[in-house]
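Here's the structure, in structure tokens; my notes come after.
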Amino acid sequence: MSDTPTDISHDQVAVRRQKLADLRAAGFDPFRANCEQTHFSDDAKKCYVEGEDNAVRLSVAGRLVTFRIQGGSGFVKILDQQGQIQLYVKRDVLGVDAYAAFKKLDFGDFIGVTGTLFKTKAGEITVRVESYTLVSKALRPLPEKWHGLTNDEQVYRQRYLDLIVNAESRKRLMQRSRIISYVRRFLEDRKFIEVETPILQGVAGGAAARPFETHLNALNIDFVLRISLELYLKRMLVGGYDRVFELGRNFRNEGMDRKHNPEFTMLEVYQAYSDYRGMMTLVRDLFQGLCRDVIGSDTIKFTDKDGNTHDINFAGEWREVRYKDLITQFTGDANWFGRAKDEKIAYCKSIDLFVDPAWEDFEITNEIFSKKIEHTLIQPTFVTHLPKELCPLAKINLEDPGVIDVFELTIGGMEVAPAYSEQNDPDVQRAMFEAQAGGEQQKVDNDFLLALEHGMPPAGGMGIGIDRLCILLTAADSIRDVILFPQLRPSAAAATDSAPAA
RNA sequence: GGCUUCCUAGCUCAAUGGUAGAGCAGUUGACUCUUAAUCAAUUGGUUCAGGGUUCGAGUCCCUGGGGAGCCA
């Protein structure tokens, strides 16, 4: 086969390039070919009529991922977006030349085939190939078929390889797409309108986080990338959109770990004439629908950070508990909120919890919540009546002016969805902003306050971290497993590794 | 940012400081219902990069790069 002087049989790329060159020399260029795809793999298999082999003719296409040739016939499998389908090729059907060429195909090549459906002795619905076309040559080999690709770095940098060889990754990331699709349908069914608001903002509002900074040359002005969707969506309430949502990317220039990627996807929903209690119903209906539609079960498996497994049950009513009660229960001190700061600090010391003496009282208390309590809330839990200092954008509770009308939905020990009765009093809102800005007037979004002065209807609002939701529902270990291309340091090797052999 | 740990063939992994190996994949051959197909033969390495210690380094030390985990 080879009249080249050097043996290239050990070099898989060279072998594949030689095959490509041979095809071209024979007058066929796979990169100039195409094929028909009448069915995806799963849809094709559903077309099989029980007991009637070779009654249905169709065309499928995909990447070769299994190759079992035995003499004059063989079975191969191709992978498309729905999964795999088996193909049966036979010399007697294809003809000697076409069959010989088929045997030279490699793992990873894209082919299109036309043929009829039948069921093998082993019971697998299979396409009996009448003709095929090579429509793209893979010049590099795939990772190993049995162990797949396990090198984390390569999984993230070359996600396409992970998707080809690791079925769980493919499934998990497909589920993410279905989750997002379901969220849209769910909200649209309830007459919510999807909008798109600016990512480049003058003031990074709606949350407390360090933003990415950038510069708009045309106006010679510094901008930041948004850290939240909130303030622009509320402007939509002012503008008369009663039910509005945005599903989009936020950016926070902070740490990266199993739960944080610098860019992440948030859903925010605002419903006029509702409140945080209305959001409870909405979020519960949404999650229960997601479980049914995407997962197919009311319960999901969850492994906590100590390796213990739990079943999280989304059915029925969910636990509702006041922030204050969680704190007094944890500390065993019914009068916790009446204690002096020194006493709180002393207590934290006694449980080995670091707190900075410069912190405010509420920060010390919240450190207990976030470090000691939050991760124990495994089953869906609405934590309500949070201290007002924790969020300046919510309405103050009518009975207790120290707390706000909000919940934080915590599942699997993670805060998944905060919701508020939204503050719509412009004067209270301004005072809260100014207290939070601590004298730095430029951090106050005056344009938003102007909008509030025009009148915003009472509303319930809610945010859901889509990545965390996906972690939960797909039982993923890390945010990197539910983001197609998680952020990594640039790889120096990648740039030099792609030059083709001359 | 700190601590711990990992980086060896295309992939998954071995290798007391003493000649770098296996499985899969590749190549050649056999095989017309396979399921990680099977059988026979066989190729393939700048051990992440650069220094150092040593008679001798994949292994020990240092610097750098990248990944993961824990902490901040």
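To find a chain, count down the sequence lines: A is the first, B the second, and so on, and within it residues start at 1. Excluded from the calculations below are hydrogen atoms, water molecules and symmetry mates; all remaining heavy atoms, backbone and side chain alike, are included. What you see is a predicted model, and the numbers here were worked out from it, not measured in a lab.
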For D11(A), answer base if it contacts any base atom (sugar-phosphate contacts may also be present), sugar-phosphate if it contacts only those atoms, and nothing otherwise; contact means non-hydrogen atoms under 4.0 Å.
nothing
Would you call K119(A)-D53(A) a salt bridge at under 4.0 Å N-O?
no
When rounded to the nearest 0.5 angstrom, what is the spacing between CD in Q154(A) and CG in D162(A)?
10.0 Å
May I ask you to verify if any side-chain N or O of T126(A) is less than 4.0 angstrom from the OP1 or OP2 atom of U34(B)?
no
In this structure, how many angstroms lie between the P atom of A36(B) and the CD atom of Q70(A), rounded?
14 Å
Euclidean distance for C1', U59(B) against C24(B) (whole angstrom)
26 Å
Specify the separation, in whole Å, of atom CZ of R157(A) and atom P of C48(B).
16 Å
Under 3.5 Å on both distances, the Watson-Crick or G-U partner of G50(B)
C62(B)
Would you indicate which nucleotide in G26(B), C33(B), U34(B) comes nearest to any side-chain atom of R68(A)?
U34(B)
Does the A25(B) base have a donor-acceptor partner in the side chain of E144(A) within less than 3.5 Å?
no
For a quick check, tell me whether the side chain of K121(A) and the base of U34(B) share a donor-acceptor pair closer than 3.5 Å.
no
Any N/O donor-acceptor pair, T120(A) side-chain to U34(B) base, under 3.5 Å
yes
Closest of G10(B), U32(B), A68(B) to the R91(A) side chain is U32(B)
Write down the partner of A20(B) under the Watson-Crick or G-U wobble criteria, each distance required to be under 3.5 Å.
none
C1' atoms of G67(B) and G29(B), separation to the nearest Å:
42 Å
Nearest-neighbour nucleotide for the Q12(A) side chain, A68(B), G26(B), C11(B) considered
G26(B)
Hey, does R16(A) reach any base, or is it just sugar-phosphate, or nothing, if we go heavy atoms under 4.0 Å?
nothing
With rounding to the closest Å, how many angstrom separate the P atoms on U47(B) and A57(B)?
12 Å
What is the distance, rounded to the nearest whole Å, between atom CG of L161(A) and atom C1' of C11(B)?
10 Å
Is K259(A) paired with E415(A) through a side-chain N to carboxylate O contact shorter than 4.0 Å?
no
Which part of the nucleic acid, if any, lies within reach of T66(A) when heavy atoms closer than 4.0 Å are counted: base, sugar-phosphate only, or nothing?
sugar-phosphate
Any strand counts, and the cut-off is 3.5 Å on both contacts for Watson-Crick or G-U wobble. Which nucleotide pairs with G45(B)?
none
Describe the nucleic acid contact of R489(A) in one word from base, sugar-phosphate, nothing, applying a heavy-atom distance below 4.0 Å.
sugar-phosphate
Give Y99(A) one of three labels, base, sugar-phosphate or nothing, depending on what nucleic acid heavy atoms sit under 4.0 Å from its own.
nothing
No-H, no-angle donor-acceptor pair, D92(A) side chain to U32(B) base, under 3.5 Å
yes
Taking the C1' atom in each of A49(B) and C13(B), what is the distance between them to the nearest angstrom?
23 Å
Answer for the Watson-Crick or wobble partner of A14(B), both distances under 3.5 Å, is none
When you compare U16(B) with A20(B), how far apart are their P atoms, in angstrom units rounded to a whole number?
14 Å
Rounded distance in Å - CG (L139(A)) to C1' (G26(B))
15 Å
Which nucleotide, U27(B), A25(B), A68(B), lies nearest any side-chain atom of F107(A)?
A25(B)
Under 3.5 Å on both distances, the Watson-Crick or G-U partner of G1(B):
C71(B)
Indicate the ring-plane relationship of F354(A) and W359(A), choosing parallel, tilted or perpendicular according to the 30° and 60° boundaries.
perpendicular
Which word best sums up how the rings of H310(A) and F302(A) line up, parallel for under 30°, tilted for 30 to 60°, or perpendicular for over 60°?
tilted
So does K19(A) pair up with D106(A), basic N to acidic O under 4.0 Å?
yes
Check the distance between C31(B)'s P and F75(A)'s CZ and give it to me in whole angstrom.
17 Å
Whole-Å distance between C13(B) P and N151(A) CG?
8 Å
Nearest-nucleotide wise, let me know which of E124(A) and R258(A) is further upstream toward the 5' end of RNA chain B.
E124(A)
Whole-angstrom distance between A22(B) and U42(B), as gauged at atom P
11 Å
C1' atom, G18(B) versus U63(B): distance in rounded Å?
27 Å
For the C1' atoms, the ones on A37(B) and on G23(B), what distance do you get once it is rounded to whole angstrom?
16 Å
Can a salt bridge be assigned to the pair R210(A) and E254(A) using a cut-off of 4.0 Å between side-chain N and carboxylate O?
no
By the 4.0 Å heavy-atom rule, please label K119(A) as base, sugar-phosphate, or nothing.
nothing
When you measure only distances, ignoring hydrogens and angles, does the side chain of Q86(A) come within 3.5 Å of the base of U34(B) through a donor and an acceptor?
yes
Which is more 5' along RNA chain B, the nucleotide nearest G148(A) or the one nearest K371(A)? Just name the residue.
G148(A)
Given Q18(A) and D22(A), is the side chain to side chain donor-acceptor pair (under 3.5 Å) satisfied, shown in steps?
CA-CA 6 Å; Q18(A) 184 60 52; D22(A) 291 345; 2.9 Å; yes
Which base sits across from G56(B) as a Watson-Crick or G-U pair, both distances under 3.5 Å?
none
Using Watson-Crick or G-U wobble geometry with both distances under 3.5 Å, which nucleotide pairs with A30(B)?
U38(B)
So what does F354(A) hit on the nucleic acid, given a heavy-atom distance under 4.0 Å: a base, only sugar-phosphate, or nothing?
nothing
Contact class for K90(A) (heavy atom, under 4.0 Å): base, sugar-phosphate, or nothing?
base
Between P on A25(B) and NE2 on H10(A), what's the gap in Å once rounded to a whole number?
19 Å
Length of the NZ-P vector between K145(A) and U34(B), whole Å:
16 Å
Any carboxylate oxygen within less than 4.0 angstrom of a Lys/Arg side-chain nitrogen, looking at E360(A) and K341(A)?
no
